[in-house]
Amino acid sequence: QVQLVESGGGSVQPGGSLRLSCAASGSIFSPNTMGWYRQPPGKRRELVATITSSGSTNYADSVKGRFTISRDSAKNTVYLQMNSLKPEDTAVYYCYLTSTWASPSWGQGTQVTVSS
């Protein structure tokens with residue numbers, strides 16, 4: 001079983017920045033992919049960014065150029081640096097980890113609110 005714990009969420013004004021962290025523990029298989037989804041109010045959960053063990057990244061078009069995903073695989077920790085935040089970035093952000101042979105594991109989510 002994998003446990004994921006997110007941190008770093010909060011409230012920020014438009015144009016501000018936040019850095020989310022997610023630490024994984026438990027039975028972690030390698031290689032794996034870690035990443036972030038988000039669920040804005042009234043909308044379905046959507047992909048934000050992913051990063052593989054080798055460092056390959058993938059971003060949603062809506063965040064490309066503003067968000068940066070990174071990881072420290074030795075620590076099983078993934079980060080999401082969010083810059084130039086917009087009100088539409090407001091959502092609950094969920095960390096996940098997946099590998100070939102295991103079902104995805106999800107964190108409980110952290111709230112990000114962007115408003116003036």
Side-chain angles (χ1 to χ4, degrees):
Q1 188 175 16
V2 176
Q3 297 81 44
L4 300 173
V5 180
E6 302 105 332
S7 62
S11 297
V12 66
Q13 293 185 339
S17 298
L18 286 172
R19 187 176 189 242
L20 306 182
S21 299
C22 174
S25 61
S27 300
I28 302 169
F29 294 95
S30 296
N32 58 64
T33 297
M34 299 184 72
W36 298 89
Y37 276 69
R38 69 185 182 186
Q39 187 167 19
K43 297 183 178 181
R44 295 182 177 181
R45 193 173 299 185
E46 62 186 15
L47 175 71
V48 177
T50 63
I51 184 167
T52 67
S53 298
S54 63
S56 297
T57 58
N58 185 47
Y59 296 92
D61 288 341
S62 60
V63 307
K64 196 171 298 182
R66 299 187 298 120
F67 291 10
T68 302
I69 190 169
S70 61
R71 67 183 289 168
D72 185 338
S73 292
K75 298 180 179 179
N76 293 311
T77 301
V78 65
Y79 307 93
L80 186 68
Q81 179 66 47
M82 304 185 294
N83 298 326
S84 302
L85 283 162
K86 304 175 181 179
E88 50 262 47
D89 295 318
T90 296
V92 178
Y93 284 70
Y94 297 91
C95 175
Y96 80 93
L97 181 152
T98 187
S99 63
T100 300
W101 301 109
S103 299
S105 298
W106 294 86
Q108 291 300 306
T110 184
Q111 177 70 46
V112 171
T113 301
V114 185
S115 67
S116 57

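Residue numbers run from 1 in the order of the sequence given. Both backbone and side-chain heavy atoms feed into the values below; hydrogens, waters and symmetry mates do not.
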Donor-acceptor pairs under 3.5 Å, side chain of residues 82-95 to any protein atom, not counting sequence neighbours: which ones?
from : atom 1 : to   : atom 2 : distance (Å)
N83  : OD1    : S17  : OG     : 2.9
N83  : OD1    : Q81  : NE2    : 3.0
D89  : OD1    : R38  : NH1    : 2.9
D89  : OD1    : R66  : NH2    : 3.0
D89  : OD2    : R66  : NH1    : 2.7
D89  : OD2    : R66  : NH2    : 3.4
D89  : OD2    : K86  : N      : 2.8
T90  : OG1    : P87  : O      : 2.9
T90  : OG1    : V114 : N      : 2.9
T90  : OG1    : V114 : O      : 3.4
Y93  : OH     : R38  : NH1    : 2.9
Y93  : OH     : D89  : O      : 2.7

Single-linkage hydrophobic cluster, 4.5 Å side-chain cutoff, V2 and W106 together: no
Distance, nearest 0.5 Å, that separates NZ of K64 from OG1 of T57: 9.0 Å
Heavy-atom closest pair, residues V112 and G9: CG2-CA, 4.3 Å
Between OG1 on residue T110 and CG on residue L80, distance to nearest 0.5 Å: 11.0 Å
Shortest non-hydrogen separation from S99 to P31 and the atoms involved: CB-O, 3.6 Å
Expected output: side-chain Q1 to main-chain G26 donor-acceptor under 3.5 Å: no
ILVMFWY cluster, L18 and L4 together (side-chain gap under 4.5 Å): yes
CD/E46: more than 12 non-hydrogen atoms of other groups inside 6.0 Å: yes
Gap between atom CG of D72 and atom OG of S21 - 0.5 Å precision: 11.0 Å
Shared hydrophobic cluster, M34 / I69 (ILVMFWY, side-chain heavy atoms < 4.5 Å): yes
Tell me which donor-acceptor pairs under 3.5 Å the side chains of residues 47-54 have, and how far apart each pair is, sequence neighbours excluded?
from : atom 1 : to  : atom 2 : distance (Å)
T52  : OG1    : S54 : N      : 3.3
T52  : OG1    : S54 : OG     : 3.0
T52  : OG1    : G55 : N      : 3.4
T52  : OG1    : S56 : N      : 3.1
S53  : OG     : N32 : N      : 2.8
S53  : OG     : N32 : O      : 3.0

Y59 reachable from W36 in the ILVMFWY side-chain graph, under 4.5 Å edges: yes
Shared hydrophobic cluster, L97 / Y37 (ILVMFWY, side-chain heavy atoms < 4.5 Å): no
Reported CD-to-CD distance for the pair Q111 and Q39, which is rounded to 0.5 angstrom: 10.5 Å
